[in-house]
Amino acid sequence: MITAVVIKTVFILLVAVAGLVPVITWIERKQSAVMQDRIGANRADVAGITILGLFHPIADVVKLFTKEDVVPHGANRALHLLAPMLAVVPAIIAFAVIPFGGVYQFGETTVDLVVANVDWGLLYIFAIGSLATYGAVLGGWSSFNNWAMLGSLRASAQMISYEVTMGLSVVGVFMVFQTLRLTDMAIAQDATFRAFGFLEVLFGISVPAWLDWVRLPNWGIFLQPLGFVMFLSAVMAENKRPPFDIPEGESEVVAGYHLEYSGMRFGLFYMSEFIEIVVIAGVVATIFLGGWSVPYLPQEAIIGGVGSVFGTGFATGLCMLIHFLSFMVKVVAMIWLQMALRWTLPRFRYDQVMDLCWKILLPLSIANVFVTGLVIMLIEG
Amino acid sequence: MATILFYAFAFLAVVGALGMVLNFRNTVASAMSLVVTMVALAGIYVLMGAHLIAAFQIMVYGGAIVVLFLFVVMLLNIGTDELSPGRQRLVKLGSALIVLFLLVRFLRVLSGFPEAPPAPEGFGGYREVGIALYTDYVLLVEMASLVLLAAIVGALILAKRKVD
């Protein structure tokens, strides 16, 4: 039991933190270069070989570790050193409840590919996300710098505001799937529904039988399209990256709450943002894109189909692998989407970010809860 | 396992609480100690199976209310000299009284632990709490929402007056 948890923890951290995060720093540079018609990072090389600049993440880490770690005069030393860790730790422990595969039966033993398969998975993520505020708040305050302080005030105001929207925008998803356990959510999405069935239920229009063939995967994005857009905006604002990067602003508050940080401590703040990108991708993929499920190919179909030829044990193992790859494809797609948005949209002003949260997203998410309830009531009669 | 975890969380909660009360020199560190206590309490709630309370403990107390405290503390920037010695003595006296009270309670607990009735199925889960809140206690929920609405209106009026 404990060994299984340790193996799963090490695996997910190796894949998500040690594997994806360095690649994301590379994509960040390369994608921005492509979108701005530049060549991009291609100078770091080992014996003249650059492989598209893939050595840059390594060069970054070496640089950050060897730089001097400056603690400003008048800073609160203990809190200044603690703040970057408080920023990184919540981002890392959020992986505990994200399922990277389903539940599988190997004879007697049950294997579920999630570190902690808890009943309140999504609530856990929200709770951990709310603790992420402390890294930003303390980082700015303990630096003893007015700009850093202003940056941390902006960061915390933004994060606390968007926490409300983030929670409310997925209430519709809870209502549709009737669960908060992320594994169960993914299992519920491992099915299909009639794409035109809603016409019958809502408007009483009879749908011709041949249209019944048009089926969509039971994914959150099809059942809660507005919820998807709102949740994605809210979590991206939580992450404080452009277009929501109001804690930073070269012309207003300089670099924001990590202004006085250098070396690897600055690197930790930076890393926490990149880890959060992976967390966001994982959560969005799980609750809106079907998690590990493969569209139109439910788990029983894979195990039944392959199992009839090669035996159930092999089929289950293969299914596990396919599901993990399917999850990773969705995660990478969501990372790509976040990167594309980050390099496409211009930056919001501070008041625009707050208006978007309180005047647009919050009323819309409450309306979404209301409409979802109404539709569920109509469907269930 | 659960017992070890309970004592670990209980130890953290007590350390955090003491750190909060006894930290006169640095009010921000004091507030951070409060966060430690809140998170440790959430851990104890998880051990009790009250998952919803645990999540709300971190989200509301750990994530929102203490951040509010931090805001106030940071922006007022209270130094050591602002807490007069007389006030400090008062705080110390008060905490000593509380510790005495807790010690008496602790001795009573040691002398005999009352057997708690077993919790019903699904106790403390979001489903059960939600059903209870919106069926049996729906009037109280509505009353609480009215109180919150009044607070929002009050805050708006106070903030607006300063702007105008």
Side-chain angles (χ1 to χ4, degrees), chain A residues 1-2 5 75-80 82-83 86 89-90 93 97 116 118-138 140-144 146 148-150 152-157 159-161 163-164 166-167 171 174-175 178-181 238 257 358, chain B residues 1 4-5 19 23 25-36 38-39 41-43 45-47 49-77 79 121-131 134 148 152 156:
Chain A
M1 177 64 195
I2 296 285
V5 169
N76 187 319
R77 197 178 165 82
L79 288 177
H80 189 82
L82 187 70
L86 284 178
V89 167
I93 58 179
V97 294
V118 289
D119 191 31
W120 46 300
L122 213 49
L123 279 180
Y124 169 87
I125 288 185
F126 290 155
I128 295 305
S130 71
L131 286 182
T133 323
Y134 287 109
V137 174
L138 289 179
W141 181 81
S142 63
S143 301
F144 204 64
N146 284 340
M149 178 77 200
L150 285 173
S152 77
L153 286 180
R154 282 183 175 197
S156 42
M159 287 172 87
I160 291 175
S161 305
E163 243 165 55
V164 180
M166 185 172 73
V171 171
F174 306 162
M175 290 163 80
Q178 307 260 313
T179 180
L180 289 182
R181 192 195 295 266
E238 279 284 298
Y257 56 89
W358 293 107
Chain B
M1 187 69 186
I4 300 170
L5 279 177
N23 213 329
R25 223 184 32 174
N26 188 339
T27 26
V28 171
S30 175
M32 286 314 289
S33 310
L34 187 59
V35 180
V36 173
M38 296 295 183
V39 174
L41 280 182
Y45 291 148
V46 171
L47 290 178
H51 298 148
L52 188 76
I53 304 289
F56 283 173
Q57 173 80 17
I58 297 183
M59 251 190 277
V60 177
Y61 287 96
I65 290 183
V66 182
V67 172
L68 203 71
F69 288 172
L70 266 185
F71 265 118
V72 175
V73 168
M74 285 169 162
L75 294 178
L76 294 182
N77 226 340
E121 182 67 28
F123 177 78
Y126 55 88
R127 223 177 286 273
E128 284 70 23
V129 175
I131 289 171
Y134 285 97
L148 285 177
I152 292 173
L156 267 181

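Letters A, B, ... mirror the listed sequences (proteins, then strands); counts begin at 1.
Residue contact with chain B, scored on non-hydrogen atoms closer than 4.5 Å, is absent for A:Ser142. For A:Met149, the part lying near chain B is the side chain, with the backbone staying farther off; criterion is any non-hydrogen pair under 4.5 Å. In this structure, the portion of A:Leu86 lying under 4.5 Å from any heavy atom of chain B is its side chain and not its backbone.
Counted within 6.0 Å of OH on B:Tyr61, heavy atoms from surrounding residues, nucleotides or ligands total 12 or fewer; the atom is thus considered open. Residue B:Leu156 qualifies as enclosed at atom CG: its count of foreign heavy atoms under 6.0 Å is above 12. Heavy atoms of other residues, nucleotides or ligands lying less than 6.0 angstrom from CZ of B:Phe69 number 12 at most.
Between chain B and the residues A:Asp119, A:Ile160, A:Leu79, the largest count of heavy-atom pairs under 4.5 Å involves A:Asp119. Highest contact tally toward chain A, considering only B:Val66, B:Val60, B:Leu52, is held by B:Val66 [criterion: heavy-atom pairs under 4.5 Å].
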Please tabulate, one pair per line, all N/O donor-acceptor pairs under 3.5 Å involving side-chain atoms of residues 128-138 of chain A, not counting sequence neighbours.
from: A:Ser130; atom 1: OG; to: A:Ala127; atom 2: O; distance (Å): 2.7
from: A:Thr133; atom 1: OG1; to: A:Ser130; atom 2: O; distance (Å): 2.9
from: A:Tyr134; atom 1: OH; to: B:Gly62; atom 2: O; distance (Å): 2.1

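Looking at every heavy atom in both residues, B:Arg127 comes nearest to A:Gln178 through NH1-O, 3.2 Å. Shortest non-hydrogen contact noted between B:Tyr126 and A:Arg181 is OH-N, 4.4 Å. What you find for A:Ala157 and B:Phe71 is that their closest heavy atoms are N-CZ, 4.3 Å.
Expressed to the nearest 0.5 Å, how far OH of A:Tyr124 lies from CD1 of B:Ile58 amounts to 8.0 Å.
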